[in-house]
Amino acid sequence: MKLISFVQQIMPHALSMGCLASLALTTAPAKAKEQPWDIRAVVLTTYEIGEDTGDRAGEFQPWIEGEHLTEKVPFPLGIHPIYTDAQHHLLVVVTGTPIAPATTSVMALATDPRFDLRHAYWMVDGISGFDPTVASVGSVSIADYVVGDITRYIDKREAPKEWPYGYFMITAQKPNQYALSGGDAPDGSIQHNNAFQLNPSLVHWAYDLTQTVTLSDPPQLEAQRKLYKSTDVAAGRPAVVSGGDFGSDTFWHGKIMTGFARDWVHLLTQGKSHFVSSDMEDSGILEALTRLGQAGRVDSSRVLVLRSASNYTEQPHGMTAVQSMNSGYDGEKVALDNGYRVGSRIIHELLQHWDKFGTQTP
């Protein structure tokens, strides 16, 4: 009887204390949710070699060393950790190559809740092959259009003899025919006219801004230039140019394929651009940024694509395409250097004058 009486006496107090404890748990201030970083610029590079600093550089290393970045951020859905500055306004990323990894990395980055990318400027900075009739090794191109390679293909050995190559539009019946009617996917699930125009005002601003950048032109480039006629543009010194960027999963080379690239860029842009640089990522990156722009996650009018020439897309006189492709590219280091020189000039201008460019795109 005494035990029962004791329990009856303490039970109201125990219940009261339990209620208070429960109330304390439910009313304790919740931990403040960390705000996403206000990202103002994203630099996309496509590969790195070895360590991030201090050894042979890929596209990533010049940015890490040049910007003195030391803070490394995990990127679980990417292929490499991200680096950022002390203010957490700049991200430098390795996307991977070719098109599918690069596209996936951009989508993963832009949907990462740690970063607010709605007002950020995006810039691809990579090396590539250049049309030798447009610019020399070491030059840097700021793209006005990015064009992909969604095509039909017939091996040239089975194609009509008058065809210059076997590539043509999905909706066409022969090379150099621009045709969007008919087709197999009227709902738009195949983007037949696989061309992306970059913001002309931003492109022109970046081009004008970088005309005074001093480009590296070491003696080893002279050896490559001497392989071309003195009247060829390829025999000149590095310069900042602008034109069409052709992104393909295929690492192609030679006079015939360069001829196709010239025709293809001209065809898909309807004569608004000309072929300058070849690469294996940019059409996917632009597809991702276009969709992300439609969803309001990025501003797709704030995208720049820079490519610097590590090599030419076709062989010089007196050399076969196979010999040329397999001869190696002495221009890689110079292209990496010049890409960073031009790209950093743009990024610094944007970040240093954010009071202006944060709200108004150049």
Show which side-chain atoms of residues 82-95 pair as donor or acceptor with protein atoms under 3.5 Å away, not counting sequence neighbours.
from, atom 1, to, atom 2, distance (Å)
Tyr83, OH, Asp52, OD2, 2.9
Thr84, OG1, Leu90, O, 2.8
Asp85, OD1, His88, N, 3.0
Asp85, OD1, His89, N, 2.8
Asp85, OD1, Leu90, N, 3.1
His88, ND1, Trp37, NE1, 3.4
His88, NE2, Glu71, OE1, 2.9
His88, NE2, Glu71, OE2, 2.9
His89, ND1, Asp38, O, 2.9
Thr95, OG1, Thr45, O, 3.4

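Between Val42 and Phe115 the shortest side-chain heavy-atom distance does not fall below 4.5 Å. Contact of the Ile79 side chain with the Pro101 side chain is not registered, since no non-hydrogen atoms from C-beta on lie closer than 4.5 Å. With contacts defined as side-chain heavy-atom distances shorter than 4.5 Å, the pair Gln315/Leu227 does not qualify. Inter-residue side-chain proximity for Ser141 and Asp245 is flagged as unmet; no heavy-atom pair is nearer than 4.5 Å. Between Leu336 and Glu59 there is a side-chain heavy-atom pair separated by less than 4.5 Å. Taking 4.5 Å as the limit, some side-chain heavy atom of Phe168 sits within range of a side-chain heavy atom of Arg152. Between Val233 and Val134, the closest side-chain pair of non-hydrogen atoms is not below 4.5 Å. You'll find the side chain of Gln323 stays beyond 4.5 Å of the side chain of Pro316, heavy atoms only.
Between the NZ atom in Lys156 and the CD1 atom in Ile154 there is a gap of 11.0 Å [rounded to 0.5 Å]. Rounding to the nearest 0.5 Å places CG of Leu268 at 6.0 Å from OH of Tyr178. Distance check, rounded to the nearest 0.5 Å: CG of Asn311 to OG of Ser128 gives 7.5 Å. Taken to the nearest 0.5 Å, the CZ atom of Arg40 stands 13.0 Å off from the CD1 atom of Ile347. Atoms CG and CG, from Leu304 and Leu202 in turn, are 4.0 Å apart once rounded to the nearest 0.5 Å. Thr46 OG1 to Phe60 CZ: the interatomic distance, rounded to the nearest 0.5 Å, is 11.5 Å.
Note: the hydrophobic cluster containing Val106 also contains Leu286 (ILVMFWY, side chain heavy atoms under 4.5 Å, direct or indirect links). Linking ILVMFWY side-chain heavy atoms closer than 4.5 Å, directly or via other members, places Val124 and Val298 in a single hydrophobic cluster. A continuous path of ILVMFWY side-chain contacts below 4.5 Å connects Leu289 to Leu306, so both sit in one hydrophobic cluster. One hydrophobic cluster, built from ILVMFWY side chains closer than 4.5 Å, cannot hold both Val146 and Ile99; they sit in different ones. Under the 4.5 Å side-chain contact rule for hydrophobic residues, Val241 and Val147 do not share a cluster.
Checking side-chain atoms of Ser139 against main-chain N and O of Ala239 turns up a donor-acceptor pair under 3.5 Å. No side-chain donor-acceptor contact under 3.5 Å links Thr151 to the backbone of Tyr153. Within the 3.5 Å criterion, the main-chain N or O of Gly236 finds a donor-acceptor partner in the side chain of Ser136. Proximity of a side-chain donor or acceptor of Thr258 to a complementary backbone N or O of Lys255 within less than 3.5 Å is not detected. At least one donor-acceptor pair under 3.5 Å links the side chain of Arg302 to the backbone N or O of His119. A donor-acceptor distance shorter than 3.5 angstrom exists from the side chain of Gln211 to the backbone of Tyr207, with no hydrogens or angles considered. No donor-acceptor pair closer than 3.5 Å links the side chain of Gln61 to the backbone N or O of Ile49. Counting only distance, with no hydrogens or angles, the side chain of Tyr145 and the backbone of Lys272 share no donor-acceptor pair below 3.5 Å. A donor-acceptor pair is defined here as one N or O able to donate and one able to accept, closer than 3.5 Å; such a pair exists between the side chain of Asn338 and the backbone of Gly138. Panel note: side chain His348, backbone Ser344; a donor-acceptor pair is recorded below 3.5 Å.
For Asp144 and Ser273, the side-chain atoms include at least one donor-acceptor pair closer than 3.5 Å. One side chain, Glu67 or Tyr340, offers a donor N or O that lies under 3.5 Å from an acceptor on the other. Inspection of the Thr133 and Asp131 side chains reveals an N or O donor paired with an N or O acceptor under 3.5 Å.
Residues Val265 and His274 approach most closely at CG1-C, 3.7 Å, considering heavy atoms. Residue Leu77 comes nearest to Ala108 through the heavy atom pair CB-CB, 3.6 Å, listed as atom of the first residue, atom of the second, then distance. Residues Pro164 and Ile256 approach most closely at O-CG2, 3.8 Å, considering heavy atoms. Across all non-hydrogen atoms, the minimal contact from Lys72 to Pro81 is CG-CB, 3.4 Å. The shortest non-hydrogen separation linking Arg307 to Glu281 is NH2-OE1, 2.8 Å. Looking at every heavy atom in both residues, Ala135 comes nearest to Phe130 through CB-CD2, 3.8 Å.
Heavy atoms from other residues, nucleotides or ligands lying under 6.0 Å from NE2 of His204 number 12 at most. Atom CZ of Arg345 is surrounded by more than 12 heavy atoms from other residues, nucleotides or ligands within 6.0 Å. Within a 6.0 Å sphere centred on CD of Glu65, heavy atoms belonging to other residues, nucleotides or ligands number more than 12.
Checked against a 6.0 Å centroid threshold, the rings of Trp252 and Tyr167 do not count as neighbours. Aromatic pair Phe357/Tyr121: centroids not less than 6.0 angstrom apart.
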Practice item. Could you go through the side chain to side chain contact (heavy atoms under 4.5 Å, CB included) check for Trp122 and Ile285 one step at a time? Key: CA-CA 10 Å; Trp122 294 71; Ile285 290 172; over 6 Å; no
Exercise for review: Would you check, one step at a time, whether the test side chain to side chain contact (heavy atoms under 4.5 Å, CB included) holds for Leu69 with Trp63?
Suggested key: CA-CA 8 Å; Leu69 302 179; Trp63 283 92; 5.6 Å; no
**Study point:** Chi angles and distances behind the side chain to side chain contact (heavy atoms under 4.5 Å, CB included) call for Val203, Ser242
**Key:** CA-CA 8 Å; Val203 170; Ser242 184; 3.9 Å; yes
Check your understanding: Could you go step by step and tell me if Arg225 and Asp217 meet the side chain to side chain contact (heavy atoms under 4.5 Å, CB included) rule?
Key -> CA-CA 11 Å; Arg225 292 199 289 256; Asp217 185 19; 3.0 Å; yes
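Using a cutoff of 4.0 Å between basic side-chain nitrogens and carboxylate oxygens, Asp337 and Lys333 are not scored as salt-bridged. Taking 4.0 Å as the cut-off between side-chain N and carboxylate O, Lys174 and Glu162 do not count as a salt-bridged pair. A salt bridge between Arg291 and Glu287 is present, with a side-chain N of the basic residue lying under 4.0 Å from a carboxylate O of the acidic one.
With sequence neighbours excluded, no residue satisfies salt bridge (Lys or Arg N to Asp or Glu O under 4.0 Å) with Glu48. Residues that satisfy the side chain to side chain contact (heavy atoms under 4.5 Å, CB included) test with Thr111, not counting sequence neighbours, are Leu292, Arg297.
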